[in-house]
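The structure appears below as structure tokens.
All values below come from the heavy atoms of this structure, side chains included, with hydrogens, waters and symmetry mates left out. We number each residue from 1, following the sequence as shown.
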Amino acid sequence: MYPIQTEIETCLTSLRKRHINGIFARDPEEAASRILSLIPREATVGMGDSSTVRRLDIVKRLMERGTRVLDPFKPQGAQISPEDAHDYTERISREATLCDVFLAGTNALTRDGRLVNVDAVGNRVAGMFWGHSISIIVVGRNKIVRDLEAAFDRIRNTIAPMHSYTKTKESGGRKAGTPCAITGECNDCKAVDRKCNIFTIIESKPLRTTLNVVIVNEDLGLGWDPAWSEDRIGQIMDNHKKYLWKPRFDVQ
């Protein structure tokens, strides 16, 4: 296994060879500061669902300085009932598809600089490379994998099943009609509610988008190697649950 600092340095070098702006941050606080420096104050910022981004508390900081944020996962400046939450999320997600800056996490980053993701709807992965002049992807050190094979294995057998399981069992989400939401394991199902509908690989800088990847030297978001210690995996899961989006707004 590579030392983590060597892995991060390898990824940063690989990203830059692919004309992607690789940025190192020691911790979430530095990551938030670096992200703020990349976003013009007058820009409109769209978001993809990401517990990693929520961990940085970047939305609050953007709004405090007067930047407009299209956050489909939290109503801004208006009260909304749980019954209207779905319509709100749909409307803001569509608006966030075309704006100045897009901010999201990623499921995996390979050592040779490729970003690998899975999505249910497609708005999060599309926003990474289309519809925005600037895209910013935040990556915790735990998302780094050896290669594409390892990335797909991590997504299919760890990230997607545990994401569905956690949302269904522990976060008040709508009961999912997928086996993994019950078992926590991938069955390569053909369910209507399947979440692994769209896989993407970003190989290089999109022609019309400046792509920035901020690698944080801390475990962020959902993802781990099963060979890691139970303590480390448990901490990753606990933090993910803490910053996981609940499908209903607690606003009346």
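In this structure, Thr158 OG1 and Glu185 CD are separated by 10.5 Å, a value rounded to the nearest 0.5 Å. Between the OG atom in Ser93 and the CE atom in Met47 there is a gap of 10.5 Å [rounded to 0.5 Å]. Rounding to the nearest 0.5 Å places SG of Cys180 at 11.0 Å from CG of Asn157. Distance check, rounded to the nearest 0.5 Å: CD of Glu9 to CD of Glu7 gives 11.0 Å. For the atom pair Thr106 OG1 and Leu115 CG, the distance stands at 4.5 Å (nearest 0.5 Å). In this structure, Ile8 CD1 and Ile215 CD1 are separated by 6.5 Å, a value rounded to the nearest 0.5 Å.
When each of Thr200, Asn117, Asp49 is checked for a side-chain hydrogen bond (donor to acceptor under 3.5 Å, both in side chains) with Arg124, only Asn117 meets the rule. When the options Ile198, Ile159, Asn107 are evaluated for a side-chain contact (heavy atoms from CB on, under 4.5 Å) with Val118, the one that passes is Asn107.
The hydrophobic cluster containing Leu222 also contains Phe199, counting ILVMFWY residues as joined when their side-chain heavy atoms lie under 4.5 angstrom apart, directly or transitively. Cluster membership check: Leu36 shares its hydrophobic cluster with Leu56, using side-chain heavy-atom separations under 4.5 Å among Ile, Leu, Val, Met, Phe, Trp and Tyr. The hydrophobic clustering, which links ILVMFWY residues whose side-chain heavy atoms are closer than 4.5 Å, places Leu211 and Leu15 together. Under the 4.5 Å side-chain heavy-atom criterion for grouping Ile, Leu, Val, Met, Phe, Trp and Tyr, Phe102 is not connected to Ile39 through any hydrophobic cluster. Transitive grouping of hydrophobic side chains (ILVMFWY, heavy atoms separated by less than 4.5 Å) brings Met63 and Val138 into a common cluster.
When side chains are defined from C-beta on, Lys205 does not count as touching Arg18, because their heavy atoms never get closer than 4.5 Å. Residues Trp130 and Arg208 form a side-chain contact, since some pair of their non-hydrogen atoms from C-beta on lies under 4.5 Å apart. In this structure, the side chains of Ile23 and Leu38 come closer than 4.5 Å at one or more pairs of heavy atoms. In this structure, Asn123 and Arg94 have side chains that are not in contact, with every pair of non-hydrogen atoms separated by 4.5 Å or more. Looking only at side-chain heavy atoms (C-beta outward), Arg141 and Asn217 come within less than 4.5 Å of each other. A 4.5 Å side-chain heavy-atom check between Met237 and Met162 finds at least one atom pair inside the cut-off. The closest side-chain heavy-atom distance from Lys242 to Arg54 is not below 4.5 Å.
Residue Glu149 places its CD atom among 12 or fewer non-hydrogen atoms of other residues, nucleotides or ligands, all under 6.0 Å distant. Shown here is Arg26, whose CZ atom has no more than 12 heavy atoms of other residues, nucleotides or ligands within 6.0 Å.
In terms of modelled atom types and a separation under 3.5 Å, the side chain of Thr209 and the main chain of His132 share a donor-acceptor contact. For Arg114 (side chain) and Leu148 (main-chain N/O), no donor-acceptor pair under 3.5 Å exists by modelled atom type. Between the side chain of Ser37 and the backbone N or O of Arg34, at least one donor-acceptor pair lies under 3.5 Å. The closest donor-acceptor contact from the side chain of Thr110 to the backbone of Val145 lies at 3.5 Å or more, if one exists at all.
Residue Cys189 comes nearest to Arg194 through the heavy atom pair O-NH1, 2.6 Å, listed as atom of the first residue, atom of the second, then distance. For the residue pair Ile144 and Cys11, the shortest heavy atom distance occurs at CG2-SG, 3.7 Å. Of all non-hydrogen atoms in Thr178 and Ala191, the two that sit nearest each other are CG2-CB, 4.0 Å. The nearest pair of heavy atoms linking Arg156 to Cys186 is O-CB, 2.9 Å. When all heavy atoms are compared, the tightest approach of Lys143 to Leu220 is CE-O, 3.6 Å. Residues Asn142 and Gly223 share a closest heavy-atom pair of ND2-O, 2.9 Å.
Salt bridge annotation for Lys17-Asp112: absent, with no cationic side-chain nitrogen under 4.0 angstrom from a carboxylate oxygen.
Side-chain contact annotation: Asn239 with Arg55, donor-acceptor N/O pair under 3.5 Å absent.
A cation-pi arrangement is present between Arg154 and Trp228 under the rule of less than 6.0 angstrom and at most 45 degrees off the ring axis.
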Give the C-alpha distance, both sets of side-chain angles, the deciding distance and a yes or no for side chain to side chain contact (heavy atoms under 4.5 Å, CB included) between Asp219 and Gln235.
CA-CA 9 Å; Asp219 293 338; Gln235 187 64 48; over 6 Å; no
Intermediate values then yes/no, side chain to side chain contact (heavy atoms under 4.5 Å, CB included), His163 and Leu244:
CA-CA 9 Å; His163 183 71; Leu244 182 68; 3.8 Å; yes
Hey, mind stepping through His240 and Trp224 against side chain to side chain contact (heavy atoms under 4.5 Å, CB included) and telling me if it holds?
CA-CA 12 Å; His240 176 66; Trp224 61 80; over 6 Å; no
Go through Thr44 and Glu95 one step at a time and tell me if the side chain to side chain contact (heavy atoms under 4.5 Å, CB included) criterion holds.
CA-CA 10 Å; Thr44 296; Glu95 190 175 351; 6.0 Å; no
